[in-house]
*Asks:* 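What follows is a structure written as structure tokens; I'll ask about it next.
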Amino acid sequence: MAPPTELPARPERGSAPGFRAMGRLVAVGLLGIALALLGERLLALRNRLKASREVESVDLPNCHLIKGIEAGSEDIDILPNGLAFFSAGLKFPGLHSFAPDKPGGILMMDLKEEKPRARELRISRGFDLASFNPHGISTFIDNDDTVYLFVVNHPEFKNTVEIFKFEEAENSLLHLKTVKHELLPSVNDITAVGPAHFYATNDHYFSDPFLKYLETYLNLHWANVVYYSPNEVKVVAEGFDSANGINISPDNKYIYVADVLAHEIHVLEKHPNMNLTQLKVLELDTLVDNLSIDPSSGDIWVGCHPNGQKLFVYDPNNPPSSEVLRIQNILSEKPTVTTVYANNGSVLQGSSVASVYDGKLLIGTLYHRALYCEL
């Protein structure tokens, strides 16, 4: 008869310190990797924001602040007859506001007047003025001289594009249409190419504020450009860090897109089917916001943020600075980039746009004042 098999003794609780130590080492290792990745992403974000940059002043001799603009003039578009439209009063999650309880509006200034001043335009009945939160704007003049104003709007922080008809005799805007679409989840700026046709930038892929922050923090490069018409809506360019300002060349052959956190301006060729292909990228040393085109020369005027961290972490004792660049011959091998204006925030905080007309320069801001200069 075979002897009975001896069973191994069950280990007592707590008798495997090696396993516990190994588990702790793995946990510490994973925590270290996570902290290292967190630190790397934070450092990368600071670099994208140019968080350490200070700006040297570049003054213009004939400038004054525009009366009546106290809480932002994020975008400006000027008609060939000298009428300038301002998008005023933008509110955005994470951005400072000097008038948080006041709705936004559209202002107009006639640059042919000897002493032009800004006036708010009336908007037709039926449009929700209480939630009006205008962002990027663009004008389009039809064959019959009808002027359309396109406005990116964020009512209750949602995303729409509003199309208005400008009625000059009444100094008013007639609301024609509200555009909403799933391909327009985070619209920033717009350039009109028809009475109901436009290109628009999405500065993020997501519309949810937390997911937007995560997308920016992880540097996913999911921002894009969308073409919209009543018959077709499609993504026509993508892969941007944060697509911002957009505009079109005077000959309608090229679309320019500012990638604000990548510090770049992209030149894209426009095709008959409205698709875009990239021709070149101009790298700069600042956060580029809105783009305006001088119709007579084709020069690009850019409102820029030298230090993006100051823009989002507002300190009245150390306010965000302003910078205006002029870019000549962008299609050439070596475009000329000139700093036309720069200020440390003592005069103008957070410049977002610069537009020229007949020797006059208008500089707008995200949430501060606006400047009128004679060049």
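Residue numbers run from 1 in the order of the sequence given. Model, not experiment: these values are computed from the prediction.
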*Asks:* Please give me the minimum heavy-atom distance between Ile76 and Ser355, naming the atom from each residue.
*Replies:* O-OG, 3.4 Å

*Asks:* Does the side chain of Ser322 come under 3.5 Å of the side chain of Asn343 through a donor N or O and an acceptor N or O?
*Replies:* no

*Asks:* Ring-plane angle category for His175 and Phe127, please: parallel below 30°, perpendicular beyond 60°, tilted otherwise.
*Replies:* tilted

*Asks:* Going by distance alone, is a donor N or O of one side chain under 3.5 Å from an acceptor N or O of the other, for Thr160 and Glu162?
*Replies:* yes

*Asks:* Within this structure, what is the NE2-CG distance for the pair His266 and Leu282, rounded to the nearest 0.5 Å?
*Replies:* 10.0 Å

*Asks:* Under a 3.5 Å threshold, yes or no: a donor from one side chain and an acceptor from the other, between Ser229 and Asn231?
*Replies:* no

*Asks:* So do Leu49 and Leu261 actually touch side chain to side chain, heavy atoms under 4.5 Å?
*Replies:* yes

*Asks:* Roughly how far, to the nearest 0.5 Å, is the CG atom of Asp189 from the CG atom of Asn202?
*Replies:* 11.5 Å

*Asks:* Got more than 12 heavy atoms from elsewhere within 6.0 Å of CD, Glu238?
*Replies:* no

*Asks:* Salt bridge or not for Glu113 and Arg119, using N-O below 4.0 Å?
*Replies:* yes

*Asks:* Do Val347 and Tyr341 pass the side chain to side chain contact (heavy atoms under 4.5 Å, CB included) test, and can you show the C-alpha distance, the side-chain angles, and the key distance before you say yes or no?
*Replies:* CA-CA 11 Å; Val347 176; Tyr341 177 82; 4.0 Å; yes

*Asks:* Are side-chain heavy atoms of Val147 and Lys165 found at a separation under 4.5 Å?
*Replies:* no

*Asks:* As a quick check of understanding, evaluate side chain to side chain contact (heavy atoms under 4.5 Å, CB included) for Ile248 and Tyr256, giving each step before the final call.
*Replies:* CA-CA 6 Å; Ile248 190 167; Tyr256 307 126; over 6 Å; no

*Asks:* Going hydrophobic residue to hydrophobic residue with side-chain gaps under 4.5 angstrom, can you get from Phe140 over to Tyr227?
*Replies:* no

*Asks:* Which word best sums up how the rings of Phe150 and Phe198 line up, parallel for under 30°, tilted for 30 to 60°, or perpendicular for over 60°?
*Replies:* perpendicular

*Asks:* Would you tell me whether Asn252 and Lys270 have side-chain atoms, one donor and one acceptor, within less than 3.5 Å of each other?
*Replies:* no

*Asks:* Measuring from atom CG of Asp315 to atom NZ of Lys310, what distance do you get when rounded to the nearest 0.5 angstrom?
*Replies:* 9.0 Å

*Asks:* Hey, quick one: are Met109 and Ile69 part of the same hydrophobic cluster, counting side-chain heavy atoms closer than 4.5 Å, chains of contacts allowed?
*Replies:* yes

*Asks:* Does a side-chain heavy-atom distance below 4.5 Å link Val187 with His135?
*Replies:* no

*Asks:* So do the side chains of Ile293 and Pro250 get within less than 4.5 Å of each other, counting heavy atoms only?
*Replies:* yes

*Asks:* Between CG of Asn290 and CG of Asp77, what distance do you get to the nearest 0.5 Å?
*Replies:* 10.0 Å

*Asks:* Using 30° and 60° as the class limits, which term best fits the ring planes of Trp222 and Phe206: parallel, tilted or perpendicular?
*Replies:* tilted

*Asks:* We want to know whether Ser57 and Asp59 form a side-chain donor-acceptor pair, criterion being a heavy-atom distance below 3.5 angstrom.
*Replies:* no

*Asks:* In terms of ring plane angle, is the pair His368 and Phe98 parallel, tilted or perpendicular, where the classes change at 30° and 60°?
*Replies:* tilted

*Asks:* Going from CG on Leu121 to CG on Leu107, what distance comes out if it is rounded to the nearest 0.5 angstrom?
*Replies:* 7.0 Å

*Asks:* Any ion pair linking Glu333 and Lys280 (charged N to carboxylate O, less than 4.0 Å)?
*Replies:* no

*Asks:* Compute whether any side-chain donor of one residue and acceptor of the other, for His221 and Asn219, lie under 3.5 angstrom apart.
*Replies:* yes

*Asks:* When you check the gap from the basic side-chain N to the acidic O, do Glu70 and Arg369 get nearer than 4.0 Å?
*Replies:* yes

*Asks:* Hey, could you give me the CG/CG distance between Leu268 and Leu276, rounded to the nearest 0.5 Å?
*Replies:* 5.5 Å

